[in-house]
Amino acid sequence: MHKKLFIPGPVEVLPDVLAKMSTPMIGHRGKDASALQRRITQKLQQLFYTEQPILLSTSSGSGLMEGAVRSCTAKRAACFSVGAFGKRWFEMAEANNVPADLFEVEWGKPTSGTLVDEVLSTGKYDLITVTHNETSTGLMNPMDEIAATVKKYPEVVFCLDAVSSMGGSKIEVDRLGVDICITSTQKALGLPPGMAICSFSRKAIDRAKEVPYRGYYLDLLALYDYIEKKDYQYPSTPSLSHMFALDYQLERIFEEGLDNRFARHIEMAEKVRNWARNSFALFADEKYLSNTLTTIKNTRDIDVATLNSALGQRGFQISNGYGKMKDKTFRIAHMADCTVEDIEELLGNIDDILN
Ligand SMILES: *Cc1c(COP(=O)(O)O)cnc(C)c1O
């Protein structure tokens with residue numbers, strides 16, 4: 001039996017979106033491939049609230065995260081972490097011999113504008129990485145506050161991990177001054193895993209030109225140069241299957257309407273939060289709860305694996321805690337094309353199993 005996924009990626013993909021993955025192939029050097037890429041770009045610019053170029057990478061989101069920190073740090077990177085994925089970005093910098101420092105806060109707490117200001121005022125850094133939505137802790141960072149601070153430092157390239165929120169929560173890339181905003185297909189966008197997307201600002205382009213060793217496959221400047229010169233094509237063969245499905249899914253997203261989509265995510269989030277407050281407790285600080293997933297504190301010390309296998313028999317799957325929080329928390333994703341009714345059905349089944 002297929003289990004309906006309530007895990008924070010990969011998410012449930014609608015049958016018609018999935019079917020687009022089996023569209024017959026076209027040549028990746030032809031006019032049709034250029035047109036496909038151009039269409040996708042225009043729609044993604046609307047979704048990202050940006051006029052900047054859009055890059056696609058046939059990798060998961062981690063690919064573009066690694067590419068961004070390597071391609072655009074000339075001096076030193078400051079990596080702000082509120083959980084597992086923030087720390088991962090720092091580890092990517094280190095693994096690429098990019099000078100970097102990690103600024104971690106206690107899990108469940110946000111990156112504050114004050115911390116960013118303190119760090120950037122040292123003048124040591126020319127790139128920062130920030131997590132928009134931390135999938136381990138279920139926390140959404142206060143972007144207005146962070147963005148206002150970063151704007152005081154025009155030399156800094158602002159990289160944002162929006163892997164688990166883009167498409168489910170409003171992120172106004174240009175208004176916030178984000179230079180590289182990264183997401184993956186398998187989370188709030190509601191597609192299968194295998195492609196990553198980012199915006200790439202003029203500042204980021206100029207910075208990359210100063211960096212001598214940007215790698216090869218994940219060199220963001222190389223991707224950008226190629227789509228500029230070769231009419232929206234890529235240096236290597238992209239996953240055309242994802243592009244067909246993405247083109248279609250973006251159309252569906254605009255049919256629903258962005259504001260409706262974001263409101264639906266908030267409604268689902270509130271359902272899960274209220275349930276969690278009554279039955280358990282929330283892990284993240286109440287002021288910074290994520291709209292796309294909820295991390296629940298396992299205050300009743302239930303066996304999450306047992307709960308999940310009971311849910312599995314009923315055709316549902318949720319997620320245990322991330323890494324060190326494996327048994328202390330569990331997570332329910334409410335993103336992409338999940339509905340309020342799906343959430344009610346899931347929570348009803350959990351209650352039924354636990355009682
Ligand atoms: C899933 C996730 C990633 C990693 O993305 P992949 O597409 O699996 O490489 C990075 N950051 C956040 C916040 C995530 O949720």
Side-chain angles (χ1 to χ4, degrees), residues 5-13 44 48 55-70 79-93 95-96 102 104-105 107-111 128-143 146 158-169 171 178 180-199 217-218 220 238-239 242 245-246 249 265 269 283-284 288-295 318-323 325 329-336 338:
L5 298 179
F6 292 87
I7 60 175
V11 299
E12 206 53 33
V13 181
L44 285 169
F48 280 52
L55 308 177
L56 300 182
S57 164
T58 300
S59 67
S60 72
S62 301
L64 284 178
M65 288 168 70
E66 180 162 358
V69 74
R70 176 162 181 176
C79 300
F80 293 94
S81 172
V82 293
F85 290 103
K87 190 159 183 208
R88 186 188 279 192
W89 222 340
F90 170 70
E91 290 165 356
M92 287 169 174
N96 282 284
L102 175 65
E104 256 182 313
V105 294
W107 283 30
K109 300 275 178 236
T111 297
I128 65 167
T129 70
V130 172
T131 310
H132 176 255
N133 188 70
E134 179 50 69
T135 314
S136 55
T137 60
L139 175 137
M140 205 167 251
N141 258 323
M143 287 315 299
I146 295 170
F158 184 2
C159 303
L160 188 67
D161 171 355
V163 171
S164 61
S165 46
M166 182 59 81
S169 194
I171 307 169
V178 175
I180 307 178
C181 184
I182 299 169
T183 196
S184 303
T185 47
Q186 80 278 15
K187 298 197 181 171
L189 285 174
L191 295 155
M195 190 161 252
I197 302 161
C198 75
S199 60
Y217 187 67
L218 298 169
L220 268 51
S239 173
H242 279 89
L246 180 58
Q249 173 69 339
H265 279 78
F283 180 80
Y288 308 100
L289 296 173
S290 161
N291 293 340
T292 55
L293 88 148
T294 299
T295 299
I318 60 169
S319 184
N320 54 15
Y322 193 98
M325 303 200 303
T329 63
F330 59 97
R331 295 173 297 161
I332 296 175
H334 28 80
M335 57 172 86
C338 183

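Counting begins at 1 with the first residue of the sequence. Predicted model only: the values in this text are computed from it and were never measured. Every heavy atom of this structure was used, including side-chain atoms; hydrogens, water molecules and symmetry mates were not. For ligands, and for the atoms within them, numbers begin at 1 and follow the listed sequence.
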- Item | Glu66 versus Asn96, side-chain donor and acceptor atoms under 3.5 Å | yes

- Query: For residues Ser62 and Arg88, is any side-chain donor paired with an opposing acceptor at under 3.5 Å?
  - Reply: yes

- Using side-chain contact (heavy atoms from CB on, under 4.5 Å) as the criterion, list what pairs up with Thr183, not counting sequence neighbours. Phe48, Met166, Leu189, Ile197

- Task: State which residues pass ring pair (Phe, Tyr, Trp, His ring centres under 6.0 Å) with Phe80; sequence neighbours excluded, sorted by chain then number.
- Result: Phe103

- With Phe330 via ring pair (Phe, Tyr, Trp, His ring centres under 6.0 Å) - residues at least two apart: Phe280

- Note on the structure: The answer, listing residues by chain and number that come under 4.0 Å of ligand 1 through any heavy atom, is Ser60, Gly61, Ser62, Met65, Phe85, Arg88, Asn133, Thr135, Asp161, Val163, Ser164, Ser184, Gln186, Lys187

- Side-chain donor-acceptor contact under 3.5 Å, Asn133 with Ser290: yes

